[in-house]
**Q** 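The structure that follows is given in the form of structure tokens.
A, B, ... follow the sequence lines: proteins, then strands. Residue 1 opens every chain. Note: hydrogens, waters and symmetry copies are ignored here, and every other heavy atom, side chains too, is used. Keep in mind the model is a prediction, meaning the values are calculated, not measured.
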Amino acid sequence: MAEVSHAACIALDEVRLAEFAREIGAELTALTELDQDCLCDLNSENALELEDFREDKVWECLPSEALLSAALCRDGDCFLVPEVLGEGSGSA
Amino acid sequence: MRNCTFSVSELAEKLWRGEITSVELTEECIRRIKASPFGDEFVFLDIDGAMQAASASDERRARGCALGALDGIPFAAEDRFCTVRMPTENNCGMLRGYMPPYDADAVRYLLDAGAVLLGKLHTNGFLSANCAPANDKNCLVGANRSIPFALIAETGGASWFCGGHQGIVICPARDMISRQGLVSCAPSFDRVGIFVGSFDDGKYIMDRLLEKTEFTAVPDSVKTVWWGEDGSVDLPISEQTRSAYHILSAVEAASEMGLYDGIRFGTCAEEDGTARGRMAETRGRFFSHKEQKLILFGTALLMGEHREKCYFSALKLRETFQRQLKGLFTRYGVLACPVSERIVYLPAFADLSAVSHHGMLWMAPRGREAMLLSCAERCGI
């Protein structure tokens, strides 16, 4: 954290530095889970293709359950839906 | 006057008919501000300046030279907007006592229309970059009882919680309203908006701020997609997108706060020694604990492995997410969802225009502001 405070040009005492090192260190550790594999990639063949929403579905409520059951869940956070949404599609 | 509600359109009508004067209206606003149970929503009040402006407005109206419907209507601005007559401190020690040499563009548009600037509202300052909790902008709720409308700066989403039963928050996409003179917190997320009491007021003021945009009638059928607990669409909103916002806003905020070195900008600790030593001492003394943490966090995200794993990944995620939403909006006009801490950062993250009212957040790409207001007005019950 001393290196970071030097780069940020902030003069801090040892106590404050140690406190920040603990707090920021924990946040940075949690954030390292965010890496390329977790991103929803439009270029991937399994990416969510919103443009494939069927026109006749516009005014209907697509139930969340249908989407969830059709989704290939990567890491439990990003929802990837194979190909086209609609009847007969998206079966797991 | 004491029991009148503050609707811009109704007040403008009364001023035009001569039922009230701008001086009386401004005095009533000042009385309500002083009697407010919140008490601390205003950080600066310019009573003398406001009364002078109100008198000038009445004189213009008496001569038949009123500047428009906003002429003589009082308003307030968050203390992130530069104003010539009042300090702009942005709730930051580094800007204590700073008197800008110019008004922010958004403030100037309203002053040129004859509106009366009463004072500056409390702001979270540079900490606006954080994903804000629900009670962070209670000052707007208090101010809504005292003034007809307020000019706000939106970054992290705190304003959307105020669009409940107390009022309506309207915020077009980034740079639709000039940010010149807005103390920058996170440049790619900062936006200018307004807090008003009715949709008519919102349309009128947005016409003025967006300069000649006419909010004409929209088609009866608007394709609206609902996203929420009973919603029809699941978007890849997750802790990943929230984390990406957190990363990018922190990096940008740290960069913006890097300008305040006590030499070019900001106040200065009088220390002998090297220039760098003076800068470090100044920033260590005048930034708050939370601001220092935000600076260090944003700086750390650009160093070592975090630069690739966090910062560049967040940039890519944001771009991907924006492209996905673009596809959604080719099919739907407006996206609607309940306001919650989970999604309030979305309009800034995805660069969408948004309206908040009755606990709902309505979002659409730039250019659909009239559609947004129409949907929110028709569906907000």
Side-chain angles (χ1 to χ4, degrees), chain A residues 1 3-13 16-17 19-21 23-25 27-44 47-55 57-68 70-71 74-81 85, chain B residues 221 223 225-226 228-236 238-241 243-244 246-247 254 257-258 261 269 276-277 279-285 287 289 292-293 295-303 305-306 308-310 312-314 316-317 320-321 323-332:
Chain A
M1 195 50 59
E3 187 186 337
V4 175
S5 75
H6 179 79
C9 197
I10 298 183
L12 296 168
D13 57 39
R16 187 64 66 88
L17 265 179
E19 186 184 332
F20 283 145
E23 293 173 7
I24 294 173
E27 290 190 39
L28 288 172
T29 302
L31 284 175
T32 52
E33 298 304 315
L34 176 70
D35 59 35
Q36 189 65 48
D37 290 340
C38 292
L39 298 178
C40 293
D41 187 353
L42 268 182
N43 294 322
S44 160
L48 176 64
E49 287 293 343
L50 295 171
E51 290 171 352
D52 290 330
F53 273 118
R54 282 165 43 172
E55 193 66 35
K57 291 286 188 185
V58 167
W59 290 107
E60 291 184 42
C61 282
L62 296 172
S64 303
E65 293 77 15
L67 283 171
L68 284 173
R74 189 185 280 174
D75 286 343
D77 290 323
C78 245
F79 291 99
L80 306 178
V81 181
L85 287 176
Chain B
S221 61
K223 295 177 186 177
V225 63
W226 293 83
E229 305 206 342
D230 58 344
S232 61
V233 170
D234 269 307
L235 296 172
S238 65
E239 281 309 306
Q240 303 288 347
T241 47
S243 295
H246 191 41
I247 290 166
M257 285 193 270
D261 54 14
R276 188 181 171 84
M279 278 194 283
E281 183 62 31
T282 297
R283 289 160 61 79
R285 190 185 298 184
F287 278 127
H289 176 104
Q292 289 170 358
K293 183 180 170 185
I295 293 170
L296 292 178
F297 182 59
T299 305
L301 286 167
L302 290 176
M303 297 173 72
E305 62 173 4
H306 304 298
E308 186 67 38
K309 279 195 170 181
C310 296
F312 286 140
S313 293
K316 289 173 189 171
L317 187 145
T320 301
F321 183 71
R323 272 187 286 138
Q324 292 187 332
L325 275 195
K326 197 174 173 184
L328 177 77
F329 284 115
T330 61
R331 291 288 186 268
Y332 298 91

**Q** Is it the backbone or the side chain of A:Glu3 that comes under 4.5 Å from a heavy atom of chain B, or both, or neither?
**A**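 Both backbone and side chain of A:Glu3 come within 4.5 Å of chain B.
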**Q** Ignoring hydrogens, what is the shortest heavy-atom contact between B:Ile295 and A:Ala8? Give both atom names and the distance.
**A** CG2-CB, 3.7 Å
**Q** So which heavy atom on B:Phe297 is nearest to which on A:Leu28, and how close?
**A**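 Between these two residues, the closest heavy atoms are CE1-CD2, 3.8 Å.
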**Q** Hey, what do you get for NE2 (A:His6) to OG1 (B:Thr299), rounding to the nearest 0.5 Å?
**A**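 Answer rounded to 0.5 Å: 12.0 Å.
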**Q** Who among B:Ala280, B:Ala300, B:Gly298 has the most heavy-atom pairs with chain A under 4.5 Å?
**A**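 Among B:Ala280, B:Ala300, B:Gly298, the one with the most close pairs to chain A is B:Ala280.
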**Q** So which atom in A:Cys9 and which in B:Arg283 form the shortest heavy-atom distance, rounded to 0.1 Å?
**A** O-NE, 2.9 Å
**Q** Is chain A contacted by the side chain of B:Met279, its backbone, both, or neither, given a heavy-atom distance below 4.5 Å?
**A**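 For B:Met279, heavy atoms of backbone and side chain both lie under 4.5 Å from chain A.
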**Q** Calculate, to the nearest 0.5 Å, the distance between atoms NE2 and CD1 belonging to B:His306 and A:Ile24 respectively.
**A** 10.5 Å
**Q** In Å, rounded to the nearest 0.5 Å, how long is the span from NZ of B:Lys293 to CZ of A:Arg16?
**A** 11.5 Å
**Q** List the steps, then state whether side chain to side chain contact (heavy atoms under 4.5 Å, CB included) holds for A:Leu12 with B:Leu296.
**A** CA-CA 11 Å; A:Leu12 296 168; B:Leu296 292 178; 3.7 Å; yes
